[in-house]
Amino acid sequence: MIKHALNAHRADDFAGWYQELIAQADLAEESGVRGCMVIKPWGYGIWERIQKLMDAQIKAAGVDNCYFPLFIPLSFFEKEADHVDGFAKEMAVVTHHRLVSDGEGRLIPDPAAKLEEPLVVRPTSETVIGAAMARWVQSWRNLPLKVNQWANVVRWEMRTRMFLRTSEFLWQEGHTAHTDEAGAMAEMLRALEMYRAFAEGPLAMPVIAGEKPENERFPGAVATYSIEAMMQDGKALQAGTSHYLGTSFAEAAGIKYQDKDGGQQHCHTTSWGVSTRLIGGVIMVHGDDDGLRCPPQIAPHQIIIIPMLREKDADEDQAVLDYAKALKAQLARPLAFGEPVRVLLDVGAEKASNKRWSWVKKGAPIIIEIGPRDVAEGKLAVIRRDQMYKDDGKLAVTFPEKNAFAGEAAALLENIQAALHSEATARLHSNIHRDISDLEEFYAENRKYPGWAEMQWARPTGAALDKIVEQLKALKLTMRNAPIDAAAADGVCFFTGAPAVERILIGRAY
RNA sequence: CGGGGAGUGGCGCAGUCUGGUAGCGCAUCUGGUUUGGGACCAGAGGGCCGCGGGUUCGAAUCCUGUCUCCCCGACCA
């Protein structure tokens, strides 16, 4: 019987496990403000890694970073009808610009300082960026125009969960304008592929890229594509989206250009984003009953060195420290994933055993402990976080030679990254079912983690689609996306019996 | 936003029904004994009992309002 670091276990209480992991791994905590969280150093460090790696890819694609205001005039939202419908219900509105005392020791918004036009806290920036694009774009020579911003956004969610759905979250939103549909679609697909590769690479999180059905589209979009990841409870998590917005936002904001023939045309625009929700995905894909297993590429520290200082013999402790420092210098030299290895020498005053378990819970990929005996033998004790236990349930500690280990550490990190990815990939594929003849029966079974169903369908619209959505809802199911690289349809629609045109993934979702 | 549950030292909880000196485990600090895999013994420190109002001689406990969190639902790029 293994004594795990977390009290809640995935198999018994997935939601409780998720929350305990976030607390124990020091990723985030409650803030006292509904739906808003404090992201702590280890959690924010993961986000910074995500930002750094993705920002480089965004720039490489010729997209420039900008910053647009947090406050958006209310009237901007009234211009695009579908967009209004999509976001009106969840917007934070600023109506005053001054506080005054009410005479009883409390502060209230000053009735005399009411804003002429309320400002909304951005839930997304299509409208304000569209207004800027309208100023910036004159001719076809200005196109394509591609900008991105890293920002926070606010959506007044009814039910929140840390990282997965918070009222305020951090994200990246790319916005582009093009002369024609082909250019915009190409950009939308480029962003989708960037997200797919990013999830599979740095996050070691396998995903399925595909198009969202009509009812799941972004408000105002012509087409919405997503990457969907499978959590360890079999639920889907939409981990990134990319939208082709047609010309409706350009029409609403007046983004026009003069074409080669001298005529005025509306631009075709796109938007695409990923958020701190990715961290929730990483937790639910890679976490285990001892905490997070952080993929090395996004781990703020990849290797932790814990010196076993016994505070009895100063010379002995100094020797251990010197040895540990030398090891740190040695480990930081090689490149893993094309970057210097990130090594932390944990010299804090905490007990060594506490340090070890704290790094286990945080999911540091490699944890090294060094004691006097290691110094004498030129060795070290290594715990590989993704494979912590031996078959007998004991910690799988290895004792390699120091110099040999230093030479192999970078490769070991890459190996851990690959192992996490392949473990998750095997789980994803073995839980997508293509032979389901009766959805109700399949999902009504008392199977805890039924996974997803991939069904052929005719892609109906309107009332026919609504009926399917209702039918699925009764089983707590949603359509996730129509995978881009699914096999071609060769049968009839599971729902309507009409000739199928594509395949669609169905599952429970966050 | 509807239904249910909860908020008490850093963490996990008991105490609330039946009002009467705020407790336990872990963690922390000190001393001692240990020392290669989540040490042991002894002692100590730490609490506007979420917040406001009320009832009472007296409130963690009863009443009331409110905030926050969790679960189910509705909603949801």
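B/U56 and B/G12 are spaced 37 Å apart, taking the P atom of each and rounding to whole Å. Across B/G25 and B/G54, the matching C1' atoms stand 36 Å from one another, rounded to whole Å. The same atom, C1', is picked in B/G47 and in B/A39; the two are 29 Å apart, to the nearest Å. The same atom, C1', is picked in B/G9 and in B/G53; the two are 27 Å apart, to the nearest Å. Separating the P atom of B/G15 from that of B/G23 is a span of 16 Å, rounded to the nearest Å. Taking atom C1' on both B/C17 and B/C40, the two are 41 Å apart, rounded to the nearest angstrom. Look at the P atom in both B/G58 and B/C48: the space between them is 23 Å, to the nearest Å. Comparing B/A6 with B/G50, their P atoms sit 13 Å apart, to the nearest whole Å.
Near RNA chain B, meaning a heavy atom under 4.0 Å from it, residues 208-227 of chain A has A/F218, A/P219 in order of number.
Among the atoms of the strands shown, base atoms are found under 4.0 Å from some heavy atom of A/F169. Across all strands shown, A/F399 has heavy atoms under 4.0 Å from base atoms, whether or not it also approaches the sugar-phosphate. Counting any heavy atom pair closer than 4.0 Å across all strands shown, A/T241 reaches a base atom. Counting non-hydrogen atoms under 4.0 angstrom, A/H4 reaches a base of the nucleic acid. Counting non-hydrogen atoms under 4.0 angstrom, A/S271 reaches nothing in the nucleic acid.
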Check nucleotides 66-74 of chain B for protein N or O atoms closer than 3.5 Å to its own N or O atoms and list the pairs.
unit_1 : atom_1 : unit_2 : atom_2 : d
B/C69  : OP1    : A/G35  : N      : 2.7
B/C70  : O3'    : A/Q19  : OE1    : 3.0
B/C72  : OP2    : A/R159 : NH2    : 2.2
B/G73  : OP1    : A/K476 : NZ     : 3.1

Enumerate all atom pairs, one protein N or O and one N or O from nucleotides 26-30 of chain B, separated by less than 3.5 Å.
unit_1 : atom_1 : unit_2 : atom_2 : d
B/U28  : OP1    : A/N354 : ND2    : 3.3

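Side-chain atoms of A/E80 and A/S248 include a donor-acceptor pair closer than 3.5 Å. No side-chain donor-acceptor contact under 3.5 Å links A/E216 and A/T478. In the model, A/N403 has a side-chain atom that pairs as donor or acceptor with a side-chain atom of A/Q330 under 3.5 Å. When only modelled atom types and interatomic distance are considered, A/S271 and A/E126 share a side-chain donor-acceptor pair under 3.5 Å. No hydrogens or angles considered: a donor-acceptor pair under 3.5 Å links the side chains of A/Y389 and A/D290. For A/S125 and A/E173, the side-chain atoms include at least one donor-acceptor pair closer than 3.5 Å.
A salt bridge (Lys or Arg N to Asp or Glu O under 4.0 Å) check over residues 459-468 of chain A, counting only residues at least two apart or in different chains, returns the pairs A/E211-A/R459, A/R459-A/E502. Pairs engaging residues 28-44 of chain A under the salt bridge (Lys or Arg N to Asp or Glu O under 4.0 Å) rule: A/D26-A/K40, A/E29-A/K40 [sequence neighbours left out]. Residue pairs meeting the side chain to side chain donor-acceptor pair (under 3.5 Å) criterion with at least one partner in residues 366-380 of chain A, sequence neighbours excluded, are A/R356-A/E369.
Per the geometry, CZ belonging to A/F87 stands 10 Å off C1' belonging to B/C76, to the nearest Å. Atoms CG (A/L395) and C1' (B/G38) sit 9 Å apart, rounded to a whole Å. Between A/I367 atom CD1 and B/G38 atom C1' the separation is 13 Å, expressed in whole Å. Atoms CG (A/L21) and P (B/C11) sit 17 Å apart, rounded to a whole Å. Distance A/K379 NZ to B/G36 C1': 13 Å, rounded to the nearest Å. Atom-to-atom, CG of A/D85 to C1' of B/C75 comes out at 14 Å; the value is rounded to the nearest Å. Rounded to whole angstrom, the span from the CD atom of A/E29 across to the P atom of B/G10 amounts to 12 Å. As rounded to whole Å, 13 Å separates atom P of B/C76 from atom CG of A/D82.
The partner of B/U18, taking Watson-Crick or G-U wobble pairs whose two distances both stay under 3.5 Å, does not exist in any strand shown. The pairing partner recorded for B/C49 is none, the criterion being a Watson-Crick or G-U wobble arrangement whose two distances lie under 3.5 angstrom. With a cut-off of 3.5 Å on both Watson-Crick or G-U wobble distances, the partner of B/U30 is given as B/A42.
One finds a salt bridge joining A/R196 and A/E193 here, because a Lys/Arg side-chain nitrogen approaches an Asp/Glu carboxylate oxygen to under 4.0 Å. Between A/E20 and A/K361 there is no salt bridge, since no side-chain nitrogen of the basic residue lies less than 4.0 Å from a carboxylate oxygen of the acidic one.
Nearest to the side chain of A/A5, among B/G36, B/G38, B/C76, sits B/G38.
Judged by distance alone, with hydrogens and angles left aside, the side-chain atoms of A/T224 form a donor-acceptor pair with the main-chain N or O of A/F218 at under 3.5 Å.
Here the CE-CG distance, from A/M479 to A/L465, works out to 5.0 Å after rounding to the nearest 0.5 Å. Between atom CG of residue A/L27 and atom OG1 of residue A/T276 there is a gap of 12.0 Å, rounded to the nearest 0.5 Å.
Take the nearest nucleotide of RNA chain B for A/H243 and for A/E369: the residue whose nucleotide is more 5' is A/E369.
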